[in-house]
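Step one of this worksheet: look at the structure below.
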Amino acid sequence: GAGTSTFQGTGSPNGTDSNQGIYITGSGTQVLASFGATNFSGTGGGTGNLNGGIRVDLGATVAGSNDASISMTGTGANGTNNSEGVAILSGASVSTVSGGLTFNGDASGTGNSGVHISDLGSTVTTDTGTISATGIASGTGSSNQGIFIENDAIVSQTEVGAGTSTFQGTGSPNGTD
């Protein structure tokens, strides 16, 4: 049978900006799986911007073929903007064929989302699998969404008969806007 692949990362707690737990970036960058589970677990560090748990951006691809599943669990640092739990941005894609896609994101700080999917060309898709997303934001100030999908991003199940997908977002009770 197929094994499990696990990626774990923690950003520096002593930094200011760009201390992601896991950062997958660039149009030629691919993480591919054919069978089994691929699990990502990231915790951001630092006190400033871009200190998310997991960030996939600038056209990078994370893909599971056959029955491979993908799970991303991210915790953003208590920093400022762009320190999301899980972020899929700027033309990045995360997809499976029949395996499930799971996103769990937790963000604190100011202006951060638990799960953030944004920008033209950014896609989260499965053919016959399910998509499960849980996002929690607990920051102060404005723009603290549990789950934030925006700017022409696409989230979809493409085949008839696919299972039920679930999205559960909790915005910050501490926010101002």
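All figures in this text were calculated on a predicted structure; none of them were measured in a lab. Position 1 is the first residue of the sequence; numbering continues from there.
- Rounded to the nearest 0.5 Å, atoms CG (Leu120) and CG (Asp152) are 5.5 Å apart.
- Remark: the Ser132 side chain and the Thr102 side chain contain no N/O donor-acceptor pair separated by less than 3.5 Å.
- Considering CG of Asp106 and OG of Ser113, their distance stands at 11.5 Å, rounded to 0.5 Å.
- Listed for the Gln157 side chain is a donor-acceptor partner under 3.5 Å among the backbone atoms of Gly129.
- A donor-acceptor contact shorter than 3.5 Å is absent between the side chain of Ser156 and the backbone of Thr158.
- By the criterion of side-chain heavy atoms lying less than 4.5 angstrom apart, applied directly or through intervening Ile, Leu, Val, Met, Phe, Trp or Tyr residues, Phe40 is not grouped with Tyr23; the two fall into different hydrophobic clusters.
- Of the possible polar contacts, one joining the Ser98 side chain to the Asn66 backbone as a donor-acceptor pair under 3.5 Å is found.
- In the displayed structure, Glu150 atom CD is contacted under 6.0 Å by more than 12 heavy atoms of other residues, nucleotides or ligands.
- Other residues, nucleotides and ligands contribute over 12 non-hydrogen atoms within 6.0 Å of the CD atom of Glu159.
- Nearest heavy atoms, Ala68 versus Phe35: CB-N, 3.8 Å.
- Residues in residues 57-78 take part in these salt bridge (charged side-chain N to carboxylate O under 4.0 Å, His left out) pairs, two or more places apart or across chains: Arg55-Asp57.
- Ile70 and Ile117 fall within the same hydrophobic cluster, defined by Ile, Leu, Val, Met, Phe, Trp and Tyr side-chain heavy atoms under 4.5 Å apart, directly or through other members.
- Here the CG-OG distance, from Leu101 to Ser95, works out to 7.5 Å after rounding to the nearest 0.5 Å.
- Not a single donor-acceptor pair under 3.5 Å links the side chain of Thr134 to the backbone N or O of Gln168.
- A donor-acceptor pair under 3.5 Å is formed between the side chain of Gln20 and the backbone N or O of Leu50.
- Under the 4.5 Å side-chain heavy-atom criterion for grouping Ile, Leu, Val, Met, Phe, Trp and Tyr, Ile88 is not connected to Leu58 through any hydrophobic cluster.
- Nearest approach of Ala137 to Asn144, heavy atoms of both residues: CB-O, 3.3 Å.
- Considering every non-hydrogen atom in both Asp119 and Gly91, the closest pair reads CB-N, 4.5 Å.
- For Ser93, the side chain to side chain contact (heavy atoms under 4.5 Å, CB included) partners two or more places apart in sequence, or in a different chain, are Thr61, Thr123.
- Of all heavy-atom pairs spanning Gly9 and Ile22, the tightest one is N-CG1, 3.9 Å.
- Pairing each heavy atom of Ser83 with each of Ala107, the nearest pair is O-CB, 3.9 Å.
- A distance of 10.5 Å separates CD of Glu84 from CG of Asn51, quoted to the nearest 0.5 Å.
- Rounding to the nearest 0.5 Å places OG of Ser90 at 9.5 Å from CG of Asn151.
- A single hydrophobic cluster is seen to contain both Val115 and Val124, as judged by linkage of ILVMFWY side chains at heavy-atom distances under 4.5 Å, directly or through other members.
- Following chains of ILVMFWY side-chain contacts shorter than 4.5 Å, one can reach Val86 starting from Val155, so the two form part of one hydrophobic cluster.
- For His116 against Ser118, the heavy-atom pair with the smallest separation is NE2-CB, 3.5 Å.
- Under the 3.5 Å distance criterion, the side-chain polar atoms of Thr170 are left unmatched by any main-chain donor or acceptor of Gly146.
- Exactly one of Asn112, Asn19, Thr16, Thr80 qualifies for a side chain to side chain donor-acceptor pair (under 3.5 Å) with Asn49. That residue is Thr80.
- Ile24 has its side chain out of reach of Phe7: every pair of non-hydrogen atoms, C-beta onward, lies at least 4.5 Å apart.
- Asn39 is linked by a side chain to side chain contact (heavy atoms under 4.5 Å, CB included) to Thr4, Thr6, Ala37, Ser71, counting only residues two or more places apart in sequence or in another chain.
- Once rounded to the nearest 0.5 Å, the distance linking OG1 of Thr47 with CG of Asn78 reads 9.5 Å.
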